[in-house]
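First the structure, in the form of structure tokens, and then the observations on it.
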Amino acid sequence: MVKSLTLLIVLIGLSMTALSEPKPYKATYDVYEDGTVKAILTSRLKKTGANQFQLTDLTEGTAGLASLLNFKRIEQTDFIFHNNLPEAIYHSMHQKVAFKSNHYEFKHQPGETGYQGIDHKKPFQLNSQQPLF
């Protein structure tokens, strides 16, 4: 029994180590409104360096008003993966609908509690003891 339990603990520890870092992927999703597909969302996760990753989401209107108004939204998050936890170091969002656009972004130094960014062309600062992601 003790050998089995020890082996199980070792295997769980090895699998957690192997899975501690996210794996790159690309996925496409349908975005529904009132039971009808209105947009397509494509998400990509790629490794950009040692313990560094980039998550990108692109949503494009494909039907109805979303298509007619050329709805497009891009979000990008650059993050590090440290101690099995993600920590955002940069995030941006750009959205365009017809002739109106919206943008926000923030930056962060790993290990610090401060976040600096811009929302609707106005700078902001935020402190958080919990790393944002």
Side-chain angles (χ1 to χ4, degrees):
M1 177 67 178
V2 173
K3 284 184 181 180
S4 299
L5 183 58
T6 303
L7 179 59
L8 179 61
I9 291 171
V10 169
L11 288 175
I12 290 171
L14 288 174
S15 67
M16 286 179 69
T17 302
L19 297 175
S20 64
E21 190 175 271
K23 303 292 182 215
Y25 72 89
K26 178 182 176 185
T28 302
Y29 306 94
D30 292 331
V31 179
Y32 288 83
E33 180 183 52
D34 298 327
T36 304
V37 175
K38 298 291 180 165
I40 299 293
L41 166 65
T42 303
S43 291
R44 286 189 179 105
L45 177 67
K46 66 180 181 178
K47 189 168 183 158
T48 57
N51 297 324
Q52 295 184 349
F53 297 86
Q54 184 177 76
L55 178 62
T56 305
D57 291 326
L58 169 62
T59 307
E60 294 182 284
T62 58
L65 202 53
S67 175
L68 184 64
L69 297 176
N70 268 346
F71 178 87
K72 187 174 187 177
R73 180 181 178 115
I74 301 171
E75 289 196 63
Q76 176 185 315
T77 305
D78 297 334
F79 65 96
I80 59 170
F81 203 75
H82 182 67
N83 295 330
N84 292 334
L85 295 171
E87 184 174 357
I89 54 176
Y90 175 78
H91 177 80
S92 71
M93 185 282 300
H94 300 277
Q95 180 174 295
K96 187 169 188 298
V97 182
F99 301 106
K100 186 176 180 183
S101 62
N102 190 8
H103 169 79
Y104 70 81
E105 67 180 57
F106 70 79
K107 295 182 224 172
H108 170 70
Q109 290 291 90
E112 294 183 6
T113 59
Y115 294 79
Q116 298 80 36
I118 297 172
D119 186 14
H120 294 6
K121 299 181 182 178
K122 295 179 186 172
F124 70 87
Q125 248 185 313
L126 169 71
N127 287 316
S128 174
Q129 297 301 318
Q130 176 72 31
L132 300 180
F133 185 70

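Values in this document were obtained by computation on a predicted structure and should not be read as measured data. Position 1 is the first residue of the sequence, and the numbers go up from there.
- Taken to the nearest 0.5 Å, the OG1 atom of Thr56 stands 5.0 Å off from the CD atom of Gln76.
- Lys107 NZ to Tyr115 OH: the interatomic distance, rounded to the nearest 0.5 Å, is 15.0 Å.
- Residues Phe79 and Glu87 are not in side-chain contact: their nearest non-hydrogen atoms beyond the backbone lie 4.5 Å or more apart.
- Only one option out of Lys96, Gln95, Lys38 pairs with Phe71 in a side-chain contact (heavy atoms from CB on, under 4.5 Å); it is Gln95.
- Atom CZ of Phe99 has 12 or fewer neighbouring heavy atoms from other residues, nucleotides or ligands inside a 6.0 Å radius.
- Hydrophobic clustering (ILVMFWY, side-chain heavy atoms < 4.5 Å, transitive): Tyr32 and Leu41 are in distinct clusters.
- Within the model, atoms CG of Leu45 and CG of Leu55 stand 6.0 Å from one another, a figure rounded to the nearest 0.5 Å.
- Separation of atoms OG1 (Thr48) and CD1 (Ile80) is listed at 11.0 Å; rounding is to 0.5 Å.
- Taken from CZ in Phe124 to CD1 in Ile118, the straight-line distance is 8.5 Å, to the nearest 0.5 Å.
- Rounding to the nearest 0.5 Å gives a distance of 7.0 Å between NE2 of His94 and CD1 of Ile74.
- Other members of the hydrophobic cluster containing Tyr104, listed by chain and number, are Met93; membership follows side-chain contacts under 4.5 Å among ILVMFWY residues, whether direct or relayed.
- The main-chain N or O of Gly114 is found under 3.5 Å from a side-chain atom of His108 such that the two form a donor-acceptor pair.
- For Arg73, the CZ atom sits in a packed shell: over 12 heavy atoms of surrounding residues, nucleotides or ligands are nearer than 6.0 Å.
- Using a 4.5 Å heavy-atom cutoff, the side chains of Tyr29 and Asp57 are not in contact.
- The side-chain heavy atoms of Gln54 and Tyr90, taken from C-beta on, include no pair separated by under 4.5 Å.
- Looking only at side-chain heavy atoms (C-beta outward), Lys72 and Leu58 come within less than 4.5 Å of each other.
- No side-chain heavy atom of Asp78 sits less than 4.5 Å from a side-chain heavy atom of Gln52.
- When all heavy atoms are compared, the tightest approach of Ala39 to Gly61 is CB-CA, 3.9 Å.
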